[in-house]
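This report concerns only the one structure given below.
Here the structure is a predicted model, which is why all the values come from computation and not from measurement. Atoms within a ligand are numbered from 1 in the order they appear, just like the ligands themselves.
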Amino acid sequence: MGSDTDTPEWPTDCTRCFGLCCIALAHQPSAGFPAVKPRDTACRHLDADFRCTVFDRLEASGFTVCRPYDCFGAGPVVADRMRAEWAPWTPAMVATAHHHLDGFRDLARLRMLIVALRREGSDDAHAVADRLEPAAEAFRRTGRVEIDADTAQFMRWHEALISAILTPLEEADTAGSLDEEERHERS
Ligand code: SF4
């Protein structure tokens with residue numbers, strides 16, 4: 001929930017979000033999240049104003065995965081689209097807005113890849129990030145992550161690079177946060 005990736009274009013400002021990470025993501029009891037939380041379900045610590053009621057004692061309460069989580073600016077962008085569609089949202093309503101929650105997961109993953117590619121810093125990594133940036137920007141208009149055929153082909157050419165960057169990040173991001181359905185799909 002904090003970030004060194006905050007930019008004017010992709011703010012990681014939780015006050016502009018609807019607690020999307022606290023609703024969209026799934027968790028199994030783990031060292032960093034001592035509770036079961038299916039995806040598309042509001043965490044029991046999320047209040048009606050989309051604030052975490054244990055935020056000042058997350059670590060003491062065992063929720064150590066929460067503060068380091070970074071949506072890379074996906075949350076406020078999805079929330080802007082939600083605000084344009086309807087107001088006021090409640091946590092229960094957000095939990096049923098599956099297309100927005102799917103969009104949040106997809107956009108957060110895409111933004112994570114773009115940021116990681118920029119950080120890797122090689123010419124190839126920047127070239128892939130340059131191809132992906134328009135897809136992230138297009139989300140603001142469409143509400144969907146869509147990778148065109150040329151970009152998909154370009155990504156296949158750089159599959160080894162992308163996998164080397166993304167795999168450890170996804171493993172860290174999903175450690176202890178897969179629901180049973182996802183575990184089954186991945187096994
Ligand atoms: S403990 Fe707080 S920060 Fe973590 S998921 Fe629940 S409401 Fe969100």
Side-chain angles (χ1 to χ4, degrees), residues 1-7 9-116 136 139 143 145 166-186:
M1 304 193 82
S3 173
D4 65 349
T5 60
D6 206 339
T7 65
E9 300 78 23
W10 293 99
T12 54
D13 180 355
C14 299
T15 65
R16 290 177 49 186
C17 186
F18 290 122
L20 291 172
C21 62
C22 305
I23 297 173
L25 304 182
H27 294 280
Q28 288 290 313
S30 69
F33 199 97
V36 174
K37 195 195 91 55
R39 69 181 190 176
D40 294 7
T41 305
C43 174
R44 68 173 187 261
H45 295 305
L46 192 67
D47 72 14
D49 294 322
F50 300 102
R51 299 287 181 269
C52 173
T53 57
V54 296
F55 193 73
D56 60 346
R57 49 193 160 88
L58 279 171
E59 291 75 17
S61 303
F63 292 89
T64 55
V65 302
C66 297
R67 204 181 304 278
Y69 176 77
D70 194 339
C71 71
F72 299 97
V77 168
V78 175
D80 281 347
R81 287 189 56 82
M82 295 171 70
R83 240 177 247 110
E85 179 181 295
W86 173 261
W89 287 89
T90 66
M93 289 168 62
V94 174
T96 65
H98 302 296
H99 61 298
H100 288 307
L101 297 169
D102 285 341
F104 169 76
R105 283 184 287 263
D106 290 346
L107 184 60
R109 188 170 296 149
L110 177 61
R111 286 283 304 143
M112 176 176 70
L113 176 57
I114 291 170
V115 170
F139 188 98
V145 170
L166 205 51
T167 300
L169 291 174
E170 288 192 327
E171 285 174 358
D173 196 39
T174 58
S177 62
L178 298 180
D179 61 24
E180 284 307 314
E181 184 180 77
E182 287 173 301
R183 285 177 197 281
H184 181 70
E185 286 172 358
R186 291 179 179 214

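Considering only residues two or more places apart in sequence or on other chains, F139 meets the ring-ring contact (aromatic ring centres under 6.0 Å, His included) condition with none of them. Residues that satisfy the salt bridge (Lys or Arg N to Asp or Glu O under 4.0 Å) test with D80, not counting sequence neighbours, are R16, R83.
Under the 4.0 angstrom criterion for non-hydrogen atoms, F55 is not in contact with ligand 1. Within the 4.0 Å heavy-atom cutoff, L58 counts among the residues contacting ligand 1.
Inter-residue side-chain proximity for H100 and I23 is flagged as unmet; no heavy-atom pair is nearer than 4.5 Å.
Close contacts between ligand 1 and C43 involve ligand atoms 1 (S), 5 (S), 6 (Fe), 7 (S) [criterion: under 4.0 Å to a heavy atom]. Per-residue contacts place F63 under 4.0 angstrom from the following atoms of ligand 1 (heavy atoms of the residue considered): 1 (S).
The two residues L101 and A24 come nearest to each other via the heavy atoms CD2-CB, 3.8 Å.
Here the options are R105, H98, H99, the test is side chain to side chain donor-acceptor pair (under 3.5 Å), and the partner is D102; only R105 passes.
Residue C66 counts as close to atom 4 (Fe) of ligand 1, with an N, O or S atom under 2.8 Å. Put simply, C22 gets within reach of atom 8 (Fe) of ligand 1, with an N, O or S atom under 2.8 Å from it.
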